[in-house]
Structure formats: structure tokens, C-alpha cells
There are 2 protein chains.
Amino acid sequence: MLTFQNFKKRTAPTLESVCRDLIRENKERISVKKEEVAVRNMTRILEAVFALNREKGFGAMSLRDLSRRSGLSMGALYSCFPGKEELRSMILRRGAAYTREVILDQAPACATPAERLETAIETHLYLSESLRPWFYFAYMEASSLPRRERRRAKEDELATEQIFLDILLEGVAGGSFHCADVELTAALIKAVLQDWYLKRWKYKRKGITVEGYARFVVEFVLSRLTGNA
Amino acid sequence: MLTFQNFKKRTAPTLESVCRDLIRENKERISVKKEEVAVRNMTRILEAVFALNREKGFGAMSLRDLSRRSGLSMGALYSCFPGKEELRSMILRRGAAYTREVILDQAPACATPAERLETAIETHLYLSESLRPWFYFAYMEASSLPRRERRRAKEDELATEQIFLDILLEGVAGGSFHCADVELTAALIKAVLQDWYLKRWKYKRKGITVEGYARFVVEFVLSRLTGNA
DNA sequence: TGGGAAAAAGCGAACGATCGTTCGCTTTTT
DNA sequence: AAAAAGCGAACGATCGTTCGCTTTTTCCCA
């Protein structure tokens, strides 16, 4: 079992570190020259974006809201990103890429499909817990994209689902899993993982920790797949 | 098993019929006098709202977008609702009330908890399929509400979940269900049902019908609860 | 090593566009 | 002809964005 603490120690998915990747990825679109300055400001910007996204949604958020909340002037904002729409695209693109990197980076040499499934579920949950506002933003804004970018967002979603599907298929082929519809099962797992960061208020109210939720999901799915009620 | 067709025949959840309830509920806030006129226009308005909500989100939608899409002038819009924010509130309030009515109206006298659970899952899925754009709108906009209304939206969500929780508790008490954590199981069911209308493109692409999805969810959950792998 | 010029970052007023909303007027229905 | 419905130009506010200017940081040679 992977603990949340061990995950954080190994992967260290802080907002600042992902912001640094985002800055490097879009260096030519950002007029701020020094990386440290850009990272510091972008971190404050994204904190404000995610807070405002929760309150009113990105579409209803004005850049003056963002200026007030982040403590940066309008000019300082525009020295960190080229415009409102591009800011959204940058956030979504980096978030999807980072998620894929982290999930695929996880231990690939687990002994059994059951262990691999457990690790994948835990990793996904722990990552979304560490960057919950980012995940929430990505989920809510993915459908408000221009056609081209929306297509890519859907492919990102399917790519994550494919990771679970591959594990299920391997388990079924090896005889350790019994499952009539692996595609729907993979989709179900994905939906349950997303519920954690979409409805955190609900689980917080019930006093459920991310590790408790992970344990429940793993047990629920595995008992169905292996028949150990 | 409840079929989609039987559900539609019995409940008839059309956009127009729910719009009529919405009009009656907010009669004093609407300057149009004749109900038929109000219902006809409101139906066109909501169709446009839901379409624009999918494309850019309610917050980023302008009333001029809405005017163009619905074919009604600005003045005609304002004769059907008092303002943009109130329109959102009206839609969310009526949707939540209608959902509760339909779910609670369903056959209350099923013989076993397993049958009651099956019917509840099917009813929820069929209703969200019939009014998918409305459900999608309600999900995406519920978090962008003022404090007071958001509290009520959360309570509506918990009320729906409570229906499943009650069935699970009854089954556990009667010995027909085995379940260590009924609260999380109820939350899991809710999350999986929501995924149907939130990610319909995914299931459509895979060729899954709403009845096929219902069958899968029922079988998956019941096999876990009863131990029949 | 200290001070001043060049470079970078930060600022907020101002621009045209568009927002939600209103209202005097015309068209349609009763 | 009275009542209801429908219309779209017009209003002040606010939107995303720009830009001339000030402040801070960096760097280099006296």
C-alpha cells in the first residue's frame, strides 16, 4: 500500500513546481524574463484563479478580480500570460501533461495486476488531492474550450482511463480478474476517482481521508474483480 | 427491470412539462401573462441556455448570445425572467425539486432491497438521460451560487444520496446486503450515476445505451453487496 | 566596493468593445 | 380599441487589453 505521505515525498507535486514547468513550457509567450519572478507570480496567479473558479467560474471571473485577489496589477498579470483564454489553455495543457507523467512514472514493476491497480488508484487519488484546485479547474473548464483543444482534452481523459483498462485487461487475460465488461469498469473507476476532488466538501463533512477513500475504492473494485466478498 | 421506454411513458419528463412547472412556480416574477406563451418561450430559452452552457459556460454566456440562439429579442427575454442570475436560480431550484419528486414517486413497495436499489438506479439514470442538458447545467452551475443557494444545492445532493443510503441500510439490517461502509457505497453509486450525464460523449462513443449502463451499474453494485460474483 | 546607468518588473489610467438591463415604441392577440 | 407580447436602440458599468510611466533589480567599472 502506498501512503499519502510516501507519495508526497517521492513525487512532491507542489503548485510551485508545476508552475515552474508551466513557465518553462510557455517561456516565449511570457514577457517576464527571470524564471524565479515568473514562477513566484504565476503561483500567486493560479492560487487566485482556482479560488475564483470555485466561487464564480473562470468565465465569470474578470481579470480585475484576478488582479485584486493575486495582489498583482493588470500590467503584471499580462507580463505573466498573454491573455485570459491563453491562460486557461496553459493551465489545462500543463495539468493534463503532468498527470500523465506522474501516473506513468509510478512503479511499473508491481508483481500482480491487483497490486498495479491498487497503486494506480492510490497515485491518482493522491495526486488529485495534492493539486485539488487544479484538477477541479481542469474538470470544470475542459468543456468550455474551442473545438481543437476540447478534442485533446477528451483524448487526455481517455488516456488516463486507458491506464486502468490496460491493468484490467492484463488481469483478465492472466485469470486473476473476472470481469464481463472491462471498459465500463475502467470508466467506473475513473468516475469514482474524479468524485473525490469534485465533491471533497462531502467527504470532508463525513471525515473521510484520502487514504480512507483509496482503501474503500480499492477494496470495492478488487472484491468485485476477484470474487472475494 | 424498468425499461427506459416504460419510464418515459409513465413519467413523461419533457423539457416543456418541466418548463411549465417552472413558470407556475415563478409566476409573480414573470411579466408574460399567458401561461402558454410563457411556456413556449421559456422552453426555447432553456434549450438555448443549455446549448450555450455546453459551449462556453453560463458565466461566459451573454444575454445577447441567448437572444440570438433562442430567436427572442432582449425585451422578450426579460419578459420571461427577471435577470440572468435569477434565471440560473430558477433553473437549479426547479431541477432539484423535480428530481426529488420523480425519485420519491417511484414504486415504493418493491419487495426486496435489491429490487428497490435497482429501481432507484434505473429511475435516476433514465431521468438524467431524459433531461440530460438540464442535469449537466445543474451540476456545472451549482458551485457558482451565492452562499445561501449553494447550501441548498448541497443539501439537495445529499438528499438524493440519502435515498440510496436508506436502501442500503435496510438491506444490511435485513441481512441481504453485506457492506462495511454504506455511506461510501452510496456516494460511489451517486458518482457513477452522475458520470452518465457528465461524460455522455464517452459512452456514446463506446456505443453504450442508458439501459446497458443501468444494467452494468446494478450488476456491479449488487454483486458486491450480495457476494454473487 | 560603491554608485550610476541599463534592464527588468510593476503599475493603473485609459481605450474601444461588450456586458446586463431598461424603456419607448410597434406589432399581434383578445 | 384595449391588452398583451415583442422589439432593439440606448444607458451606465464593466470587460479584456494596452501602454506610457515609475520603481526595483542587475550589472559593471571607477
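FYI, side chains are in, hydrogens and waters are out, and symmetry mates aren't considered; it's all heavy atoms of this structure. The shown structure was predicted, so the numbers you read here are calculated from the model rather than taken from an experiment. Here is how names work: the chains are called A, B, and so on, in the same order as the sequence lines, proteins then strands, and each is numbered from 1.
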(request) Output the residues of residues 23-62 of chain B in contact with DNA chain C, where contact means a heavy atom of the residue under 4.0 Å from an atom of the strand; sort by number or write none. (result) K34(B), M61(B), S62(B)
(message) Among residues at least two apart in sequence or on other chains, which ones pass salt bridge (Lys or Arg N to Asp or Glu O under 4.0 Å) with K190(B)?
(response) E157(B)
(message) What is the separation between atom CG on L66(B) and atom P on dG8(D), rounded to the nearest whole Å?
(response) 15 Å
(request) Please work out whether the ring planes of F164(A) and H124(A) are parallel, tilted or perpendicular, with thresholds of 30° and 60°. (result) tilted
(message) How many whole angstroms separate atom CG of L63(B) from atom P of dA13(D)?
(response) 18 Å
(request) Please state how far atom OH in Y78(A) lies from atom C1' in dC15(C), giving the value in whole angstrom units. (result) 13 Å
(request) Answer yes when R44(A) and E47(A) have at least one side-chain N-carboxylate O distance shorter than 4.0 Å, and no when they do not. (result) no
(message) Using a strict threshold of under 4.0 Å (side-chain N to carboxylate O), is an ion pair present between R20(B) and E36(B)?
(response) yes
(message) Whether R151(A) and E155(A) form a salt bridge (side-chain N of Lys/Arg under 4.0 Å from carboxylate O of Asp/Glu) is what I want to check.
(response) yes
(request) Would you kindly give the CZ-to-P distance between R64(A) and dC15(C), to the nearest whole Å? (result) 13 Å
(message) Using whole Å, what does the distance between atom C1' of nucleotide dT27(C) and atom CG of L72(B) come to?
(response) 15 Å
(request) Spell out, as yes or no, whether a donor-acceptor pair under 3.5 Å connects the side chain of Y126(A) to the backbone of L2(A). (result) yes
(request) Return the value, rounded to whole Å, for the distance between atom CE of M74(A) and atom P of dG20(D). (result) 17 Å
(request) Return the 5'-most residue of the pair C80(B), F81(A) with respect to DNA chain D, ranking by each residue's nearest nucleotide. (result) C80(B)
(request) Using atom NZ of K84(B) as one end and atom P of dT18(C) as the other, report the distance to the nearest whole Å. (result) 16 Å
(request) Enumerate, in order of first residue number, the stems that involve DNA chain C, defined as 3 or more consecutive Watson-Crick or G-U wobble pairs with both distances under 3.5 Å. (result) C:2-30 with D:1-29
(message) In this structure, how many angstroms lie between the C1' atom of dG16(D) and the CG atom of L87(A), rounded?
(response) 13 Å
(request) State plainly whether the residues R40(B) and E16(B) are in salt-bridge range, i.e. N to O under 4.0 Å. (result) no
(request) In plain terms, say whether E25(A) and R93(A) are close enough for a salt bridge, that is, a side-chain N and a carboxylate O under 4.0 Å apart. (result) no
(request) Report the residue from Y197(A), W196(A), F216(A) that forms a ring-ring contact (aromatic ring centres under 6.0 Å, His included) with Y203(A). (result) W196(A)
